[in-house]
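This report refers to the structure that appears directly beneath it.
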Amino acid sequence: SGVISTATATNDTLTVSGFDLGAGASCTVTVDVDGNLEGGYTNTTSVVDSTELTGTGTGSDDVSVGDLPTIGKVFGSDPIGVGSTSGLTITVTNNAPFILTGVSFDDVLPGAGSLAYTGSVAGTCSVLTGFSGTISTTTTTDDTLSVSGFDLAADASCTVTVDVLAGSGGSFSNTPSVVDSTELTGTDTGSDGLTVTVGAPTIGKVFATDPIPVGGSSDLTITLTNNSAIALTGVAFSDQLPAGLSFAAAPTSNTCGGTPSISTTTNPDDTLTLSGGAIAASGSCAVTITVDGDSAGSYTNTTSAVSSDQVNGTGTGSDTLDVLALPTMAKVFADDTIATGESTTLTLTVTNNSTIGLTGVSFTDALPVTAAGELEYLTGTVAGTCSVLTGFSGVISTATATNDTLTVSGFDLGAGASCTVTVDVDGNLEGGYTNTTSVVDSTELTGTGTGSDDVSVGDLPTIGKVFGSD
């Protein structure tokens, strides 16, 4: 008969009785014992009693009860960028009141190759008796850290440290195995997450010369920057010019590789497209192309964002180019016809058609003659609204053998403003004369058009009379 009694307040008791045992024979009694509270226990039986004989010796053995070992892990840096490392610390804890031997665990990295162990295995566990820490890269997808063989004292903890390299972007959860040992096997795993960010590529642009005149050009440089620690392939962007600007030709420089092209058929405006480019890790590249200013205006030019096989950007690049209208000249004689020996006032009008002020404005006007003195400027008669502007100088030169020349220089003319220069001209010899100025020049802009007007000089009409019979 084998009976378990739980009637006592503290102890369970197994009572075995009543069976027969042959001469020289032995037998066993087995029973399961639960360990409900950690500690070290010595369990001793009573002596064996029978009708015939009573023994004097007892049976005794020890059992230790301890909490299971646990494991925890944490990434030291989170998030990290592609190409960067994060230090992984795995902490193993022996929660039992006795030593654990042959402690082991595994840690398989997630991400199908997106994460990889790098460097050596270290930490406080690595100096303990029997420690072995190896990294396996034999699988086609995931690295595995295998730790085994070490002893861990009662109620002690130790760490295993190793660096993890991020190869691509994403959010990853990493969970090791349970802790195993000769004595106990844990049931809990430790887990931590790691976020790997990929720096998006950016784009910027700048016009080398700004402003430019109508008909002028400026070199446009578009710079692409790879803000991640991995190389980018399949790099692409586009840049559509606003109406009033045009690309002069294919790019003059391209360090991005790939295929640049200019389209003038699919859009009303010229479009530069780059496809199939590449940018080194944490590097940059640039495309330079010449832009012509076809008509006056202020133009803001904005690119698309950069795309690539690995990651797409969201920001665009933008710069403004001002194309300035050229200054113009107009002239008019107050009288289209004058008598020989009389004078007329010549008015020359200078107009700044641009959106910026002009400095050092100048022009010349040489009177048209074939012999000296046919047309002459009257000295001391240079006037007009330009004459009161800052820096104005108006000089009449008669040094040439045939032509008087008016030289106006040095004055400033505000944006969108006009002014006049007036001067008197004598007509000394009859004839028809076309008078044409030079173009208007300035520090900022030079015009392309001249001013012209005609004047005719004629002798006065005469009258005669006679009586037929006298």
Practice prompt. Dump the intermediate steps for side chain to side chain contact (heavy atoms under 4.5 Å, CB included) on N43 and V63, then the final yes or no.
Written response: CA-CA 8 Å; N43 181 212; V63 64; 5.9 Å; no
Please tell me whether [X] and [Y] have a donor and an acceptor in their side chains that are separated by less than 3.5 angstrom.
| X | Y | result |
| --- | --- | --- |
| T288 | T221 | yes |
| D151 | T101 | no |
| T13 | S5 | no |
| S157 | T93 | yes |
| D309 | T233 | yes |
| T359 | D412 | no |
| N312 | S307 | no |
| T437 | T450 | no |
| S86 | S77 | no |
| T347 | T422 | no |
| T351 | S418 | yes |

Worksheet item: What's the verdict on side chain to side chain contact (heavy atoms under 4.5 Å, CB included) for F131 and V121, showing C-alpha distance, side-chain angles and the deciding distance?
Response: CA-CA 11 Å; F131 179 88; V121 179; 4.1 Å; yes
If you compare all heavy atoms of [X] against all heavy atoms of [Y], which two are closest, and at what distance to 0.1 Å?
| X | Y | result |
| --- | --- | --- |
| G244 | Y299 | CA-OH, 3.6 Å |
| A415 | N352 | CA-ND2, 3.5 Å |
| S238 | T271 | CB-CG2, 4.4 Å |
| V439 | F363 | O-CB, 3.8 Å |
| F207 | S218 | CB-OG, 3.6 Å |
| A166 | G81 | CB-O, 4.0 Å |

Validation row: [X], [Y] side chains within 4.5 angstrom (heavy atoms):
| X | Y | value |
| --- | --- | --- |
| T355 | L324 | yes |
| L68 | D188 | no |
| Y117 | D163 | no |
| L272 | L220 | no |
| S354 | L445 | yes |
| N301 | L321 | no |
| L413 | C419 | yes |
| S173 | S191 | yes |

Between [X] (side chain only) and [Y] (backbone N and O only), is there a donor and an acceptor less than 3.5 Å apart?
| X | Y | result |
| --- | --- | --- |
| N94 | A153 | yes |
| N353 | L326 | yes |
| S438 | T364 | yes |

Measuring from [X]:[atom1] to [Y]:[atom2], what's the distance to the nearest 0.5 Å?
| X | Y | atom1 | atom2 | answer |
| --- | --- | --- | --- | --- |
| D78 | D192 | CG | CG | 6.5 Å |
| K331 | T420 | NZ | OG1 | 14.0 Å |
| I135 | T144 | CD1 | OG1 | 10.0 Å |
| L274 | N254 | CG | CG | 6.0 Å |
| I289 | I262 | CD1 | CD1 | 3.5 Å |
| S308 | N226 | OG | CG | 7.5 Å |

Fill in: Test side chain to side chain contact (heavy atoms under 4.5 Å, CB included) applied to T448 and V214, step by step
CA-CA 10 Å; T448 57; V214 170; over 6 Å; no
Practice prompt. Please test T185 against D180 for side chain to side chain donor-acceptor pair (under 3.5 Å), starting from the C-alpha separation and ending with a verdict.
Written response: CA-CA 4 Å; T185 299; D180 193 17; 2.4 Å; yes
Worksheet item: With V147, which of I90, D106, V162, V160 fulfils side chain to side chain contact (heavy atoms under 4.5 Å, CB included)?
Response: V160
Fill in: Option from S304, S275, P201 for which side chain to side chain contact (heavy atoms under 4.5 Å, CB included) with F237 holds
S304
Practice prompt. Check step by step if side chain to side chain donor-acceptor pair (under 3.5 Å) holds for S114 and S168.
Written response: CA-CA 5 Å; S114 297; S168 60; 2.8 Å; yes
Fill in: Identified side-chain hydrogen bond (donor to acceptor under 3.5 Å, both in side chains) counterpart of T320 within the set T302, D210, T300
T300
Practice prompt. Show your working on side chain to side chain donor-acceptor pair (under 3.5 Å) between S60 and T44 and close with a plain yes or no.
Written response: CA-CA 4 Å; S60 183; T44 303; 3.0 Å; yes
Worksheet entry | V198/Q310 under side chain to side chain contact (heavy atoms under 4.5 Å, CB included): CA gap, chis, key distance, verdict | CA-CA 9 Å; V198 181; Q310 289 74 28; 5.5 Å; no
